[in-house]
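This report refers to the structure that appears directly beneath it.
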Amino acid sequence: MTQSEDRFVSGFVSILGRPNVGKSTLLNEILGTKVAIVSDKPQTTRAALQGVWNTPGAQVVFMDTPGIHRPDTTINKKLSQDVAGALEGRDLLLLVADCRKAPALEDERAVELLQRVKTPALLLLNKVDLLKDKSRMLPVIEQYGKLGSFQEFFPISALTGEGLDTLKQAIVGRMPAGPRYFPGDEITDQPERFFVSEIVREKVLRLTRQEVPHSVMVQVENWEESEGLLKVAAAIVVERDGQKGIIIGSKGSRLKEIGTEARLELEKILGRKIYLELFVKVRKNWREKPDYLREIDWKT
Ligand code: GDP
Ligand code: MG
């Protein structure tokens with residue numbers, strides 16, 4: 001194993017922002033392809049994989065955050081646990097805003113939501129190419145700063161590429177040590193196994209709060225379909241015995257809760273009855289074992 005593999009980082013990122021601020025343009029720029037973008041199609045799944053960005057030392061998985069942009073689900077009206085849970089499961093959130101405009105109500109709501117989850121957030125002030133006098137951005141930054149705490153502000157232009165190298169470095173710099181969830185550049189659609197893993201992982205993170213690190217991984221070990229029933233067995237892989245105990249909980253209560261919540265959500269996403277069997281595996285330093293990572297087959 002080389003040193004660079006030792007320090008491989010990976011994580012899940014969601015881009016938020018109201019329509020037309022440039023989210024899709026930004027994502028296209030980062031991914032370097034138009035193929036991965038599914039944003040204008042109606043969401044058939046609730047946790048859409050938007051694209052996987054690979055660099056030599058990092059893999060960043062962009063996930064849509066379902067529910068946030070639906071007009072009937074304004075954030076302040078009903079901050080659903082689902083949305084909050086999804087955001088908690090991310091490693092980084094990017095709020096995109098128009099650098100020329102004071103925060104509108106939707107922006108305020110988005111910032112409010114970000115304040116309620118513990119996931120770090122960056123504010124991206126997009127369309128700087130349209131601003132002749134850059135100092136006009138300062139009051140906008142100040143107004144956003146008053147609304148909530150962002151780790152950093154980035155003036156960017158998703159269209160011209162201005163500021164994107166700095167932003168990309170900042171994103172990678174905030175990813176935790178982790179595996180290459182997806183092999184190479186092969187993923188173009190939304191493999192169902194990925195959702196099973198991602199949603200179970202999300203429930204683990206949410207229901208264990210800060211007690212289990214984000215490096216926890218969920219590996220689908222068995223997948224069987226018959227007569228409208230999907231039977232899935234999945235292992236929650238942690239690195240320490242203590243983490244195993246936390247996930248299982250007293251008399252298995254927490255693992256049961258994780259399983260029930262994941263199953264109910266997956267049944268909605270995948271549109272069929274699911275029998276979900278979960279167990280916890282301790283694999284010490286699994287992230288440093290390339291063979292183990294190769295065993296993981298994300299494709300259905
Ligand atoms: P989304 O609704 O947030 O996904 O926004 P889009 O990515 O679809 O962009 C909305 C419009 O803004 C499109 O016409 C883009 O070409 C344009 N746009 C996005 N980013 C920039 C930018 O940095 N500068 C300029 N001038 N236009 C941009
Ligand atoms: Mg879009």
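When a residue number appears, it is its place in the shown sequence, counting from 1. Source: prediction; values computed, not measured. Counting convention: from 1, in listed order, for ligands and their atoms alike. Values below: every heavy atom of this structure, side chains too, minus hydrogens, waters and symmetry copies.
Against a heavy-atom cut-off of under 4.0 Å, Ser157 is close to the following atoms of ligand 1: 22 (C), 23 (O), 24 (N). Taking a cut-off of under 4.0 Å to the non-hydrogen atoms of Leu130, the atoms of ligand 1 that pass are 26 (N).
For the residue pair Gln243 and Asp241, no side-chain donor N or O sits within less than 3.5 Å of a side-chain acceptor on the partner.
With respect to the salt-bridge test (charged N to carboxylate O, under 4.0 angstrom), the residues Lys273 and Glu267 qualify. For Glu257 and Arg206, the salt-bridge test fails: no basic side-chain N is under 4.0 Å from an acidic carboxylate O. A salt bridge links Lys203 with Glu265: at least one charged nitrogen is closer than 4.0 Å to a carboxylate oxygen.
Using a 4.0 Å cut-off between heavy atoms, Leu159 contacts ligand 1 through both its backbone and its side chain. Contacts of Asp129 with ligand 1, taken as heavy-atom pairs under 4.0 Å, involve the side chain alone.
Among residues at least two apart or in separate chains, salt bridge (charged side-chain N to carboxylate O under 4.0 Å, His left out) pairs with a member in residues 135-163 are Glu152-Arg174.
Comparing Val128, Asn20, Leu16 by heavy-atom distance to atom 10 (C) of ligand 1, the nearest is Asn20.
Geometrically, ligand 1 and Ile156 share no nitrogen or oxygen pair separated by less than 3.5 Å. The N/O atoms of Ala158, backbone and side chain alike, include one that comes under 3.5 Å of an N/O atom in ligand 1. Residue Gly22 has at least one nitrogen or oxygen atom sitting less than 3.5 Å from a nitrogen or oxygen atom of ligand 1, judged on distance alone.
Ser24 lies close to the Mg ion (ligand 2), since one of its N, O or S atoms is found at a distance under 2.8 Å.
Residues passing the side chain to side chain contact (heavy atoms under 4.5 Å, CB included) test with Glu211 are Ile246, Arg254, sequence neighbours excluded.
Ligand 1 has Pro19 within reach: a non-hydrogen atom of the residue lies less than 4.0 Å from it.
Residues Ile247 and Thr208 approach most closely at CG1-CG2, 4.2 Å, considering heavy atoms.
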